[in-house]
Amino acid sequence: MPVTIQSFHIYPVKSCQGIEYEQIELTRTGFKYDRHWMLVDKQGRFLSQRKFPDMARIQTRLTDDSLIVSGDDYAELIVPLESTSRNRLAVSIWDDHCSAALVSTAASHWFSSFLNHDCDLVFLPPNEPRLVNPEYAHSKQTVGFADGFPLLILSRASIDLLSDKLGETIDIKRFRPNIVVDGCEAHEEDNWSAISVNNIDIDLVKPCSRCVIPSIDQDTAEPHPSLLKTLASYRRREGKVFVGQNGIHRSTGILTRGQPVATRSK
């Protein structure tokens, strides 16, 4: 059975709900508008579901000119895709530091109220590139506000295996992939050094170590009682649990659901 693309996913605001696409544009930083925005506390440190699981309940969608944010009974927040904001903030994603632009007072108030925590919504200006760790990048590739890499590749079979072990259907959204592939064995992506889709080469440079987020329901923010323990029973290595592969692309272009995926073994 050939390996094919099953779906594409972006997460416009880091750690909030994502959007699934059948066709998508791969830009120099990753999929267009993926982790383009981020929430930070007043010290500039990024917020995520690790400490604020209710971020999973914040919905996002994109129009031709706006990011629309919604959640619970809150009025929709409309954020222009293009902004001329010159208000810069020093922000951090783990040990990485960069300069971001403040969206607006209204946006900061919306998120602060929803999460009951004082925070700001920022975006990454095009003239403030964030470099991928040179230990893994081969030509100074850049990334948005993702933890460290432009793309996360995951096979459908890997999550089907977890579902079988748990005796219930697990939504792949919990693992927040960018590219879901089908037609391979569970965790076969561990054995690939690269994939190619529509003549775009993507190097698989590092297995993805997992935190608490996969245990969080990505619609309700409710924790799963045994998902992480079950994963650890067969995916733990060197004290961490790994699912999926981080990827760095070598070129840009348009990708479409159903396209064949050429794989290269390690």
Within 45° of the six-membered ring axis of Phe145 and under 6.0 Å from that ring's centre, is NZ or CZ of Arg35 located there? no
Lys206 NZ/CZ over Phe149 ring centroid, <6.0 Å and within 45° of normal: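 Judged by the rule (NZ or CZ under 6.0 Å from the ring centre, within 45° of its axis), Lys206 is not positioned above Phe149.
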Check the side chains of [Y] and [X] for a donor-acceptor pair under 3.5 angstrom, ignoring hydrogens and angles.
X	Y	value
Ser85	Asn87	no
Ser158	Ser155	yes
Ser196	Asp201	yes
Glu76	Ser70	no
Thr142	Arg28	yes
Gln17	Thr60	no

Could you pull out all residues at least two apart from [X] that satisfy salt bridge (Lys or Arg N to Asp or Glu O under 4.0 Å)?
X	answer
Asp120	Lys42
Asp219	Lys173
Arg257	Glu22
Asp160	Arg156

Distance (rounded to the nearest 0.5 Å) between [X] [atom1] and [Y] [atom2]:
X	Y	atom1	atom2	result
Phe46	Cys119	CZ	SG	13.5 Å
Asp203	Ile153	CG	CD1	10.0 Å
Ile5	Ser7	CD1	OG	8.5 Å
Ile195	Leu151	CD1	CG	8.0 Å
Gln141	Tyr136	CD	OH	14.0 Å
Ile68	Arg61	CD1	CZ	5.0 Å

Can you name the nearest heavy-atom pair linking Cys211 to Arg50, along with the distance?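 Smallest interatomic distance, heavy atoms only, reads SG-NE, 3.4 Å.
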Distance-minimising heavy-atom pair for Ile19 and Pro12: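 Looking at all heavy atoms of both residues, the closest pair is CD1-CG, 3.8 Å.
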By ring pair (Phe, Tyr, Trp, His ring centres under 6.0 Å), which residues pair with His224, not counting sequence neighbours?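 Ring pair (Phe, Tyr, Trp, His ring centres under 6.0 Å) check on His224 returns nothing, list empty.
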Decide if atom CG of Asp95 counts as having more than 12 heavy atoms of other residues, nucleotides or ligands within a radius under 6.0 Å. no
For Asn116, does the CG atom have more than 12 heavy-atom neighbours from other residues, nucleotides or ligands under 6.0 Å away?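 Check fails, neighbour count at 12 or below.
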Heavy-atom donor-acceptor pair, Asp171 side chain to Arg174 backbone, under 3.5 Å: no
Could you check whether any side-chain N or O of Asp217 sits under 3.5 Å from a backbone N or O of Ala221, counting only pairs where one atom can act as donor and the other as acceptor?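 It does not hold such a pair.
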Could you pull out all residues at least two apart from Glu185 that satisfy side-chain contact (heavy atoms from CB on, under 4.5 Å)?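 Glu188.
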Classify the ring geometry between His36 and Tyr33 as parallel (under 30°), tilted (30 to 60°) or perpendicular (over 60°). perpendicular
For the pair Phe52 and His117, name the ring-plane relationship: parallel under 30°, tilted 30 to 60°, perpendicular over 60°.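 Aromatic pair Phe52/His117 classed tilted.
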From the list Arg235, Lys266, Arg237, salt bridge (charged side-chain N to carboxylate O under 4.0 Å, His left out) with Asp190 holds only for Arg235
